[in-house]
Amino acid sequence: MAASDARRPRVLMVNHVGEISGAENSLLTLVRHLDPARFQVAAAAPLGPLASELAELGVPVSAMPALRLARPRNPWQAAGTWLRLRRWAAKLSVAAQELGCDLVAANSLTAGLAAAIGVRRLPLVWHARDLRAPERTVRWLIPRATRIVAISACVADALTAAHPAARERTALVYNGVDTARFHANRPAAQVRAELGLPDDAPVIGSVGQLVPWKRQDLFIEAAARIIAQIPRAWFLIVGADLFGEHRDYVAELRALAASLSLGERAVFTGFREDIASVMAVMDLLLHAAADEPLGRVVMEAMSLGVPCIAADACGPAEIIEDGVSGILTPPGDAEAMAARAVELLGRPAGVARMGEAARRRITEAFSAERMARLTEDVYEEALARGER
Ligand code: UDP
């Protein structure tokens with residue numbers, strides 16, 4: 001260990017799954033931007049894409065089993081869940097010790113629970129990224145976290161509503177987009193050809209896990225209304241049922257697209273590794289989720305200059321300045337989304353102006369550097385407190 005290492009606290013980043021979605025992309029962005037003069041980083045996560053990316057960044061990773069905790073339906077299941085959590089927490093405690101960590105940063109509620117149970121001797125920062133978490137669990141964890149990083153005002157408000165102790169220990173730190181890294185690295189013509197999109201067709205996209213709360217059903221309903229006005233339009237439904245828990249929903253989405261006669265115009269792309277290149281061929285992104293904690297995909301599309309139309313609620317309503325850097329429509333209203341999309345696409349200069357404002361909004365308010373500096377401050381406060 002270099003002499004200076006002794007003075008730089010080591011943060012243990014804890015994630016409960018190995019797949020990469022919004023929370024993990026935010027974690028990777030943070031790790032890439034944390035000041036190495038202020039912090040060293042280690043991680044505890046299941047083997048998989050996240051662990052591989054962390055290892056590539058030179059982060060020592062302690063391999064954990066995956067820990068997906070379904071809401072127990074009976075006392076037997078509850079006991080089984082509790083046992084798995086306890087085992088995971090014990091393993092995490094060993095990892096924290098072996099890696100010589102000074103602080104635990106839990107990247108999810110599940111990771112936070114395990115850290116609160118297993119690593120009592122270290123300060124705990126919980127990155128709260130969820131709006132649909134079980135309230136009892138949230139209430140339990142809040143007073144046990146030294147500091148909490150909420151990814152949006154709407155998440156911070158939900159925490160305070162769940163437990164008054166959240167107010168004094170929560171800091172609002174928006175996720176950041178690494179604009180230097182997040183850009184198309186494949187030619188648009190190649191991506192279009194691969195997806196079967198004609199060169200000059202307007203493309204409207206939705207990006208996100210195929211899970212019911214993301215409301216791709218509303219996207220498809222909006223698509224049917226848009227195509228009635230813009231017959232040349234094509235639609236991309238990008239993303240997958242990452243954990244295989246929503247097969248019925250995916251089947252319903254396909255059936256809905258068929259019943260609305262979208263045919264080949266609704267392209268289900270599955271999960272795309274080259275997500276920036278796929279977003280870059282879109283003229284517009286529609287995001288219909290009404291309880292989106294922040295909406296990384298909205299920020300990413302905006303950073304590429306792709307305007308977004310999103311439900312006027314929670315995270316997207318904090319990101320988008322309505323009518324300037326994007327458009328907000330009433331939650332659950334496919335008709336309004338479609339009408340605004342048709343109106344905007346009819347004014348190419350308006351699309352370009354909004355795309356430029358969107359790009360500026362992300363660089364100015366949602367940069368990776370800003371996220372990293374503010375998060376470092378929270379980590380330092382937690383270390384200074386030294387206890388929970
Ligand atoms: N994503 C991706 N490929 C896909 C779909 C999504 O790489 O096919 C990425 C997307 O770029 C974003 C993340 O997955 O960084 C999804 O983040 P978001 O916070 O919007 O959703 P969630 O974490 O709730 O799934």
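In each ligand, atom 1 is the first atom listed, and ligand 1 is the first ligand listed.
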- [ ] Run the contact test for Lys214 against ligand 1 with a 4.0 Å cut-off on heavy atoms, strictly below, and give the result.
- [x] yes
Task: Gly22-ligand 1 polar pair, N/O distance under 3.5 Å - done: yes
- [ ] State which residue, out of Asp178, Val173, Val177, fulfils the side-chain contact (heavy atoms from CB on, under 4.5 Å) condition with Met371.
- [x] Val173
Open item on the list: One residue to check: Ile275. Relative to ligand 1, which of side chain, backbone, both or neither has a non-hydrogen atom less than 4.0 Å away?
Closed with: side chain
Open item on the list: Applying a heavy-atom cut-off of 4.0 Å, say which part of Glu300 lies close to ligand 1: side chain, backbone, both or neither.
Closed with: side chain
Task: Under 3.5 Å donor-acceptor, Ser152 side chain and Pro293 backbone - done: yes
Open item on the list: For the backbone of Arg8 and the side chain of Gln40, can you confirm whether one donor and one acceptor N or O come within less than 3.5 Å of each other?
Closed with: yes
- [ ] Could you tell me the residue and atom name of the protein heavy atom closest to atom 8 (O) of ligand 1, and the distance to it rounded to 0.1 Å?
- [x] Arg272 N, 2.7 Å
- [ ] With heavy atoms only and a cut-off of under 4.0 Å, state how Val207 meets ligand 1: side chain, backbone, both or neither.
- [x] side chain
TODO: Please answer: with hydrophobic residues joined when any side-chain heavy atoms are less than 4.5 Å apart, are Leu122 and Leu85 in the same cluster?
DONE: yes
Task: Arg340 and its side-chain contact (heavy atoms from CB on, under 4.5 Å) partner, picked from Leu328, Asp333, Ile327 - done: Ile327
TODO: May I ask you to check whether Trp213 has an N/O atom sitting below 3.5 Å from an N/O atom of ligand 1?
DONE: no
TODO: Identify, for atom 1 (N) of ligand 1, the protein heavy atom at the shortest distance, and state residue, atom and that distance.
DONE: Phe271 CE1, 3.9 Å
- [ ] Please say whether more than 12 non-hydrogen atoms of neighbouring residues, nucleotides or ligands are located less than 6.0 Å from CZ in Arg86.
- [x] no
Open item on the list: Between ligand 1 and Glu292, is the shortest N or O to N or O distance under 3.5 Å?
Closed with: no
